[in-house]
Asker: 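If you scroll down you'll find the structure; I have some questions about it.
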Amino acid sequence: MNMNKYGQPVGFPLPDWQPAPFPARAQLSGHHCNLLTLETSHCGDLFEVFSQAPDDRDWTWLGAEQPTCLQQMQLWVENKINDPGLAAWAVVDINSGLPVGVVCFSNIDIVNGAIEIGHVTWSPKMQRTAMGTEAIFLLLKNAFSLGYRRVAWRCDSLNLASRNAADRVGFKFEGRFRQAMTRKQRNRDTDWLSIIDIEWPTVESSLSGWLSPGNFTASGEQKRKLASFRSHS
C-alpha cells in the first residue's frame with residue numbers, strides 16, 4: 001500500500017512515465033499471417049472472402065451490417081481508414097498473400113498508455129486457423145513494445161465467441177457495463193477485459209510457444225493446445 005503525506009492510500013508511483021506514441025500504421029509480420037495497413041486496394045479481396053460465408057451471422061454483434069456489394073465494402077473500409085482514432089490493418093494470409101480479415105487499434109489513449117483491440121472482423125478463411133490468434137498477438141506485441149500499460153478488449157456480453165477468444169488469449173475479465181450501448185436497435189451490455197504490462201511477459205511466452213511453426217503440422221493442425229503452454233509458462 002502506497003500512502004501520501006496525509007496517510008491516504010494512493011496508486012503506485014510512475015516517476016519515469018511518458019505518454020506512449022500513437023501506433024504507426026506499419027506492417028506487423030508473423031508466421032501465419034501479416035498485418036498490413038488497411039487500404040482501399042484490399043476491398044475486392046475482402047468482399048470476395050467475406051461473401052464466402054453462408055449468411056451474415058458473424059456480423060450480428062458488429063456495429064455495421066455485412067457489405068452486400070463492392071461499393072458497400074469500399075465505404076466500410078474507407079470509414080476505418082479515414083477515422084483518425086483508429087489504426088486499421090488487413091489480416092493477410094501468408095500462404096495465399098490475400099487479405100482475410102480486418103482488425104484495428106481503437107480508443108487510443110497515449111497520455112495514459114491505454115489502447116484497445118477492436119473492430120475484429122474475421123472471414124470464414126480465418127476460422128479454425130492460427131491466423132486469428134496471431135493477429136491479436138501481433139497487436140499485443142506492438143502495443144506493449146511501444147510502452148502501453150494496458151490493452152483492452154470489449155465485446156457484447158452475449159457474444160460468447162468474442163469473449164471466449166479473449167479469455168483464450170489471456171485477457172482477464174474486469175466487469176460488465178450494463179446498458180452501455182444501443183446497437184442495431186437492441187440493448188448491449190458490454191464486457192470489458194484487459195491485459196496489463198506486468199502480465200504481458202507470461203502471455204507473450206505462451207502465445208509465442210503456441211504460434212511457433214514447430215507446433216503445427218504441414219496441414220496446419222496444432223500439436224499442443226494453447227492452454228498447455230500457459231500452464232507451463
Asker: Will you find, in the side chains of R230 and S228, an N or O donor that is under 3.5 Å from an N or O acceptor?
Answerer: no
Asker: Cut-off 3.5 Å, side chains only: do Q66 and D58 have a donor facing an acceptor?
Answerer: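 The answer is no; no qualifying pair exists.
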Asker: Is the backbone of H119 close enough, under 3.5 Å, to the side chain of T121 for a donor and an acceptor to pair up by distance?
Answerer: yes
Asker: If you take all heavy atoms of V120 and L62, which pair is closest and at what distance?
Answerer: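 Heavy atoms only, the tightest pair is O-CD2, 3.9 Å.
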Asker: Do W210 and Q222 have side-chain atoms, one donor and one acceptor, less than 3.5 Å apart?
Answerer: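 Yes, because at least one side-chain N or O of W210 sits under 3.5 Å from a partner of the opposite role on Q222.
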Asker: Please determine, by modelled atom types, if N82 and E78 share a side-chain donor-acceptor pair under 3.5 angstrom.
Answerer: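 Side-chain D/A pair, N82 to E78: absent.
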Asker: Checking side-chain contact (heavy atoms from CB on, under 4.5 Å) for the pair R154/L193: CA distance, chi angles, key distance, verdict?
Answerer: CA-CA 6 Å; R154 61 182 167 130; L193 304 94; over 6 Å; no
Asker: When you measure from the side chain of D93 to the backbone N and O of G97, does any donor-acceptor pair fall under 3.5 Å?
Answerer: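 The answer is no, because no donor-acceptor pair under 3.5 Å joins these two groups.
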Asker: Looking at every non-hydrogen atom in both residues, tell me the closest pair between L86 and S106 and how far apart they are.
Answerer: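 Closest pair (atom of L86, atom of S106, distance): CD2-CB, 3.4 Å.
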Asker: Step through the shown structure and confirm whether more than 12 heavy atoms of other residues, nucleotides or ligands are within 6.0 Å of CD on Q74.
Answerer: yes
Asker: Do the side-chain N and O atoms of T37 and E39 include a donor-acceptor pair separated by under 3.5 angstrom?
Answerer: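 There is no such pair between these side chains.
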Asker: Check the side chains of Q72 and T68 for a donor-acceptor pair under 3.5 angstrom, ignoring hydrogens and angles.
Answerer: yes
Asker: Between F105 and W89, is the ring centre distance below 6.0 Å?
Answerer: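 Yes, the ring centres sit under 6.0 Å apart.
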Asker: Would you mind reporting whether L158 and T60 have side-chain heavy atoms less than 4.5 Å apart?
Answerer: no
Asker: Determine whether the aromatic ring centres of residues F216 and H32 are separated by less than 6.0 angstrom.
Answerer: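 Ring-ring flag for H32/F216: true, centres closer than 6.0 Å.
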Asker: Please tell me if the side chains of L138 and E134 come closer than 4.5 Å, counting only heavy atoms from C-beta onward.
Answerer: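 A side-chain contact under 4.5 Å exists here.
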Asker: State, with a plain yes or no, whether a side-chain heavy atom of I195 is found less than 4.5 Å away from one of W153.
Answerer: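 Not touching, per the 4.5 Å side-chain cut-off.
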Asker: Rounded to the nearest 0.5 Å, what separation is found between the CG atom of L226 and the CG atom of L211?
Answerer: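 These two atoms lie 8.0 Å from each other.
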Asker: Hey, would you say the W59 and W76 ring centroids sit under 6.0 Å apart?
Answerer: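 Yes, ring centres under 6.0 Å apart.
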Asker: How far apart are the closest heavy atoms of A180 and F177, and which atoms are they?
Answerer: CB-O, 3.6 Å
Asker: Report whether L38 and I94 are members of the same hydrophobic cluster (ILVMFWY, side-chain heavy atoms less than 4.5 Å apart, transitive linking).
Answerer: no
Asker: Within the structure provided, determine whether V92 and L98 are in side-chain contact (heavy-atom separation under 4.5 Å).
Answerer: no
Asker: If the threshold is 4.0 Å, N to carboxylate O, is there a salt bridge linking R178 and D189?
Answerer: no
Asker: Mind checking whether L207 and F229 have side chains closer than 4.5 Å, heavy atoms only?
Answerer: no
Asker: Any heavy-atom pair between the side chains of N107 and I115 that's under 4.5 Å?
Answerer: no
Asker: Please report the shortest heavy-atom distance between D45 and P99, naming the atom on each side.
Answerer: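 Closest approach of D45 to P99, heavy atoms only: CB-CG, 3.5 Å.
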Asker: State, with a plain yes or no, whether a side-chain heavy atom of V102 is found less than 4.5 Å away from one of V91.
Answerer: no
Asker: Cut-off 3.5 Å, side chains only: do T133 and R168 have a donor facing an acceptor?
Answerer: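 Yes - a donor-acceptor pair under 3.5 Å links their side chains.
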Asker: For the atom pair OG (S157) and CG (N159), what is the distance rounded to the nearest 0.5 Å?
Answerer: 9.0 Å
Asker: Below 3.5 Å, can you tabulate the donor-acceptor pairs from side chains in residues 145-152 to any protein atom, sequence neighbours excluded?
Answerer:
residue : atom : partner : partner atom : Å
S145    : OG   : K141    : O            : 3.2
S145    : OG   : N142    : O            : 2.8
Y148    : OH   : P21     : O            : 2.7
R150    : NH1  : E174    : OE1          : 3.4
R150    : NH1  : E174    : OE2          : 2.5
R150    : NH1  : S194    : OG           : 3.4
R150    : NH2  : E174    : OE1          : 3.1

Asker: Side chains of Q27 and N34, heavy atoms from C-beta outward: is any pair under 4.5 Å?
Answerer: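 Result yes, sub-4.5 Å side-chain heavy-atom pair found.
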Asker: Can you give me the closest heavy-atom contact between V100 and K125, atom names plus distance?
Answerer: CG1-CB, 3.7 Å
